[in-house]
Chemist: 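Sharing a structure with you now.
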Amino acid sequence: MKLLRRSFYQRNTVDVAQDLLGKIVVREFNNVRMTGRIVETEAYSCFEPACHGFRGQTESNKALFGPVGHAYIYFIYGMHYALNVVARDDKTLGGGVLIRALEPLEGIERMEKLRKIHEIHNLTNGPGKLAQALHITKKLYGVDLTKKGELYIADDGFKKPSIIATQRIGISKAQDMMWRFVIKGNPFLSKKIK
DNA sequence: AATCGGATCGTCT
DNA sequence: GACGATCCGATTG
């Protein structure tokens, strides 16, 4: 397991979104280690209207404009958290990759307890679900994901998977852009592909 | 299988 | 005061 270096995130947001597929999210919580393989992502760049940073930097979205490789976490619909990794090239003001689904690996029992369910295929197959399963809240806002700690991202040598691009989910603007990426045929996606 | 509405609250208009 | 990068359970076909 190797940490992903900061330079990994210092690239075009869409490229990073694709290359994060197959990587591992590691969560250390109360001495329990929970991990999952990233199987679904979406790219958001602050020059397009679906991005939280489109209208400029605010207190709540400031991480999107901060150093790459850190966590941007937001709270939505009154009950869900979602995890992004800040990623952009040098000429872009802000951008991030939404982690939409994981394939659970380690700490599955703990995830089941946090999610209050026992179906492995329903544990982390959505942005709100995986945040609940890994106990990701705004306390982790801005955490550096390139360093070992409560939350980070690693590469276990998983072979670069074949991927499919689709439209992003749940947005009302810029719906035509094909910026959602999934590992082809993976059974832990938030939504089946047509 | 597909669609619909309720839950619930931080953020911006 | 409205709405959102969602989820879940209920209802309908």
Side-chain angles (χ1 to χ4, degrees), chain A residues 9 12-18 20-21 23 25 36 38-66 68 70-88 92-104 111-143 145 151 153 163-183 187-194:
Chain A
Y9 303 102
N12 180 283
T13 308
V14 173
D15 291 339
V16 176
Q18 298 180 56
L20 276 172
L21 293 175
K23 304 298 190 285
V25 172
I38 298 171
V39 298
E40 177 174 340
T41 61
E42 282 177 2
Y44 288 90
S45 189
C46 292
F47 65 76
E48 50 94 12
C51 181
H52 287 168
F54 180 65
R55 291 172 191 281
Q57 182 172 340
T58 66
E59 180 63 23
S60 60
N61 69 19
K62 63 182 179 187
L64 280 175
F65 299 88
V68 299
H70 288 245
Y72 164 57
I73 294 165
Y74 63 89
F75 180 66
I76 195 160
Y77 296 122
M79 55 181 76
H80 300 293
Y81 292 96
L83 169 67
N84 290 247
V85 191
V86 180
R88 64 176 184 281
T92 307
L93 281 176
V97 176
L98 171 66
I99 310 298
R100 284 195 56 91
L102 301 174
E103 178 171 342
M111 296 186 207
E112 289 177 335
K113 211 167 175 180
L114 285 160
R115 285 272 295 131
K116 301 185 173 79
I117 60 161
H118 292 278
E119 314 154 70
I120 189 167
H121 61 277
N122 197 24
L123 223 42
T124 54
N125 59 332
K129 294 179 186 180
L130 74 89
Q132 186 182 22
L134 300 187
H135 198 259
I136 291 169
T137 70
K138 268 204 160 167
K139 285 176 194 163
L140 295 171
Y141 191 95
V143 161
L145 301 170
L151 183 67
I153 300 182
I163 70 181
I164 295 176
T166 78
Q167 297 177 142
R168 292 172 293 182
I169 309 274
I171 55 173
S172 57
K173 299 156 204 155
Q175 293 170 322
D176 51 319
M177 306 175 87
M178 304 289 273
W179 280 8
R180 171 177 175 245
F181 303 102
V182 306
I183 293 184
F188 294 90
L189 305 181
S190 69
K191 195 179 177 201
K192 303 292 176 205
I193 39 181
K194 343 177 187 60

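Protein chains get the first letters and strands the later ones, always in sequence-line order, with residue 1 at the start of each. Atom set for the values below is all heavy atoms of this structure, side chains included, hydrogens, waters and symmetry mates excluded.
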Chemist: Ignoring hydrogens and geometry beyond distance, is the side chain of Tyr77(A) in donor-acceptor contact with the base of dA7(B) at under 3.5 Å?
Modeler: no
Chemist: Expressed as a whole number of angstroms, how long is the span from Tyr72(A):OH to dT11(B):C1'?
Modeler: 10 Å
Chemist: Under 4.0 angstrom, heavy atoms only, what part of the nucleic acid is Gly128(A) near: base, sugar-phosphate, or nothing?
Modeler: sugar-phosphate
Chemist: Using the six-membered base ring of dA5(C), report whether Tyr44(A) stacks on it, requiring centroids under 5.5 Å and planes under 30° apart.
Modeler: yes
Chemist: Answer with base, sugar-phosphate or nothing: what part of the nucleic acid does Arg115(A) contact at a heavy-atom distance below 4.0 Å?
Modeler: sugar-phosphate
Chemist: Does a sphere of radius 6.0 Å around CD1 in Ile193(A) hold more than 12 heavy atoms from other residues, nucleotides or ligands, not counting ones at 6.0 Å or beyond?
Modeler: yes
Chemist: With sugar-phosphate meaning primed atoms plus P, OP1 and OP2, does Ser190(A) contact a base, only sugar-phosphate, or nothing at under 4.0 Å between heavy atoms?
Modeler: nothing
Chemist: OP1 or OP2 of dT6(C) less than 4.0 angstrom from a side-chain nitrogen or oxygen of Arg100(A), does that happen here?
Modeler: yes
Chemist: Rounding to an integer number of Å, can you tell me how far Asn84(A) CG sits from dT6(C) P?
Modeler: 11 Å
Chemist: Taking 4.0 Å as the cut-off, does a side-chain nitrogen or oxygen of Lys138(A) come that near to OP1 or OP2 on dG10(B)?
Modeler: no
Chemist: Quick check for you: among dT11(B), dA5(C), dC9(B), whose closest atom lies nearest to any side-chain atom of Phe75(A)?
Modeler: dC9(B)
Chemist: Measure from CZ on Phe54(A) to C1' on dT11(B) and round the result to the nearest Å.
Modeler: 17 Å
Chemist: Give one of base, sugar-phosphate or nothing for Ile171(A), where a contact means two heavy atoms less than 4.0 Å apart.
Modeler: sugar-phosphate
Chemist: Can you tell which of dC8(C), dT13(B), dA5(C) lies closest to the side chain of Asn122(A)?
Modeler: dC8(C)
Chemist: Dot-bracket notation for DNA chain B is requested: 5' to 3', Watson-Crick or G-U wobble pairs only, both distances under 3.5 Å, with ( ), [ ], | and . as defined.
Modeler: |||||||.||||.
Chemist: Please work out if Ala82(A) contacts a base, only the sugar-phosphate, or nothing of the nucleic acid, heavy-atom cut-off 4.0 Å.
Modeler: nothing
Chemist: Taking only N and O in the side chain of His52(A), is any of them less than 4.0 Å away from OP1 or OP2 of dA5(C)?
Modeler: yes
Chemist: Check whether any side-chain N or O of Ser60(A) sits under 4.0 Å from OP1 or OP2 of dC12(B), and answer yes or no.
Modeler: yes
